[in-house]
There are 2 protein chains.
Amino acid sequence: MSISTPAARNGRRPSVKDVAERAQVSLGTVSNVLNRPDRVSAGTRERVERAMADLGFVLNESARQLRMGRSNTFAYVMLDATNPFFTDVARGIELAAEKADLSLFLCNSDGRDARESAHLAHLQQQRVDGILITPVDPDAPELARITAQGTPLVIVDRANTAGAFCSVTVDDRLGGRVAIEHLVDRGHTRVAYVGGPWSLGQVRERWEGSRAAWDDAGLAEADLIHVATEALSFEEGRIAGERIAGLPRRSRPSAVFCANDLIALGLLQQVVSTGQRVPEDLAIVGYDDIAFAAGAAVPLTSVRQPRQSLGRTAAELLIDEVNNPDHEHQQVEFTPELIARTSTLG
Amino acid sequence: MSISTPAARNGRRPSVKDVAERAQVSLGTVSNVLNRPDRVSAGTRERVERAMADLGFVLNESARQLRMGRSNTFAYVMLDATNPFFTDVARGIELAAEKADLSLFLCNSDGRDARESAHLAHLQQQRVDGILITPVDPDAPELARITAQGTPLVIVDRANTAGAFCSVTVDDRLGGRVAIEHLVDRGHTRVAYVGGPWSLGQVRERWEGSRAAWDDAGLAEADLIHVATEALSFEEGRIAGERIAGLPRRSRPSAVFCANDLIALGLLQQVVSTGQRVPEDLAIVGYDDIAFAAGAAVPLTSVRQPRQSLGRTAAELLIDEVNNPDHEHQQVEFTPELIARTSTLG
DNA sequence: TGTCGGCGTTGAAAGGTTTCACGTCGAGAG
DNA sequence: CTCTCGACGTGAAACCTTTCAACGCCGACA
């Protein structure tokens, strides 16, 4: 880099004042060029623009925000940025935000309370115009505090019990139900539900739907077992696979329903690698229908969620909340859909 | 929400001034409580803290930044946020940033020049302390402009031809070479390289490495063919699979080397779903060794890159560039490693 | 010739924080 | 009793932008 670059010359970045000076106009005029170019005569405008280019002027967004009180930025706090489900949701948000001329920052809470809090505090301090979040706990008082302090917040893939926020969800109980009904239809009478941690509402509700469907089918309560995992990850799926393989033959299930596809894929890999056949020895149902589900060792039956629509809708709700003075909170719920593939059909 | 929340009461958020007033102290003292609590007597500190809590005070980061000139924030502009390779890299960055008490914003350029520019401009205006980026084009003059204007920038998974930035890469030519050498060792004499768009350096260099290895093996140039894709995505892999299946029998390759795992997995799925056997009818090598590679329909041979280390190292270089006055640009290069699995071993 | 409207430009105020040179007060030393 | 010093606390300045009331100027019109 040349030593004569503007920033290198004196360590201070050029401000509108510097531009004004060089262009022989007042401060206000530079600002006009930036924000209402039509109010400025062509000659002056040109002079100012030349000065900006010469100096390498970059507008200071902090100062603008301070003055304007808004940032034209949304943020999405993801529960797990390495899970394709959430990156697809994020993409839906990004597209909607882009259309509305908003920037979007992504943050990853990694499923940890502490990291989530840190991100939220930081975003609030940054004065983002609104926050989208898939929270660790949708009823955490912290979320209410944030809206109370003036930052609108929309919950994605969860809902607040009291309906205190806009939220967009997919009916997880129904998702659990259709998965289990499918397995019951296929003749399974002993099934494991694989998922955790229990603190995640998604995990609980899919389980509740499963249990309800199981009861409705008149099957014995004890024959729907729960295999707990520490996280909704590929690796945890593999571990769960080992645990199931280790069960005494009599109590081993003939099918598993996994709380998400990452677990299902990890479990599938473990099962296949030990020479068992899917679905003959063990049928598997996943959840999310991420792109990899169809391409797995055995194409995976999964409960599909409208991932991108989820994100888009959430962003639209947030935009409304920010702009529309008589906005009212809405709880939008999508319907999941079972996609049956080889892992249960054989 | 109760109507009596601080923000609802008058539409303006409480500032240090309001806190000072309520706590009966001066402005400066509030700031001291925030930044040098030890300089404030216990009683005063307590009074100020109580006032903050009562008012629901949230520090205005824009104002602080404006005053301080730095933001304690890094940003990573990803080439494709839905590609697990990049989310793993991002995770490496995040961990290093967290350790250094920096916030990290993720942005997704989605492989598009325009989106990348928009993000960069915005980040520069936000005065982030540094930018990490996997660029569409590492030699774009825009990148040089950004550092010239005072924002340090580190390139991830690419390198600038002129060495004008710190960068962290994995030797893509070598990666291409080991992939092809492996296939040649397995006896393949007609191979397709599947990847695109050509504008991506990763795609070009893996091809160059492949070609060099192919020549070194003394095989006919015409027998290493190139099947172009529009993107490094699962879907494009599926399409490429159809194109290959559509080739006349004589010119069909016995193995493919895909520019990344997403393509390989998409292609694998297409191939398996049409009843062909892998590797007997078609051997497949991928690139990246993402977590899903091992769990695919047929466990995928792939060229492994140290994804998380890549991110961590890049972040460390950037931290040095920001803090160390006599920082010198470095080009760090990691070595890829072939992980052989069923998709080539049978 | 005097008035008026409109256009282009100006300059100061405001927005919330940090910093720093300065007060103030009380205690301990001489 | 005075002086010094440390511990606490103060208030103004600075950071950079946007906004807005006001101003100067010009041509048009009465």
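Naming: A, B, ... by sequence-line order, numbering from 1 per chain.
- Using modelled atom types, no side-chain atom of B:R45 and backbone atom of B:V33 make a donor-acceptor pair closer than 3.5 Å.
- Using a distance-only test at 3.5 Å, with no hydrogens or angles considered, a donor-acceptor pair links the side chain of A:D18 to the main chain of A:S15.
- Between the side chains of A:N35 and A:R64, at least one donor-acceptor pair of N or O atoms lies under 3.5 Å.
- Atom CZ of B:F57 and atom C1' of C:dG16 are 8 Å apart (whole Å).
- Here the P atom of nucleotide C:dT17 and the CD atom of B:E61 are 11 Å apart, to the nearest Å.
- We find that CD of A:Q65 is positioned 16 Å from C1' of C:dA14, with the value rounded to whole Å.
- Heavy-atom contacts of chain B under 4.0 Å fall on DNA chain D between two terminal nucleotides, which in 5' to 3' order are D:dC8 to D:dC16.
- The residues A:R112 and B:E98 are annotated as salt-bridged, a charged nitrogen and a carboxylate oxygen being separated by less than 4.0 angstrom.
- The shortest non-hydrogen separation linking B:I155 to B:P135 is CG2-CD, 3.7 Å.
- Taken from CD in A:Q202 to OG1 in A:T134, the straight-line distance is 7.5 Å, to the nearest 0.5 Å.
- Distance CG (B:N60) to C1' (C:dT18): 13 Å, rounded to an integer number of Å.
- Residues B:V77 and B:L123 are in side-chain contact: their nearest non-hydrogen atoms beyond the backbone lie under 4.5 Å apart.
- Sorted by residue number, the list of members of residues 120-131 of chain B with any non-hydrogen atom under 4.0 Å from DNA chain D is empty.
- Following rounding to the nearest Å, B:M52 (CE) and C:dG16 (C1') show an atom-to-atom distance of 13 Å.
- Between the side chains of A:N160 and A:D139, at least one donor N or O lies within less than 3.5 Å of an accepting N or O.
- Taking the six-membered ring wherever Trp is involved, the centroid distance between the rings of B:F105 and A:H122 falls below 6.0 Å.
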So if I define the base as every atom that isn't primed, P, OP1 or OP2, how would nucleotides 4-11 of chain C read as a B/S/- string at a heavy-atom cutoff under 4.0 Å? ----SSBB
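- At a threshold of 4.5 Å between non-hydrogen side-chain atoms, the residues A:R312 and A:L95 do not count as touching.
- Residue-level contact check: A:S15 touches the backbone only, with heavy atoms under 4.0 Å from sugar-phosphate atoms and none from bases.
- The shortest side-chain heavy-atom distance between A:N60 and A:R13 does not fall under the 4.5 Å cut-off.
- Distances shown here put every side-chain N or O of A:R67 at or beyond 4.0 Å from the OP1 or OP2 atom of C:dA14.
- Look at CG on B:N35: it is 6 Å from P on C:dT19, rounded to the nearest Å.
- With rounding to whole Å, A:L66 atom CG is found 17 Å from C:dA13 atom P.
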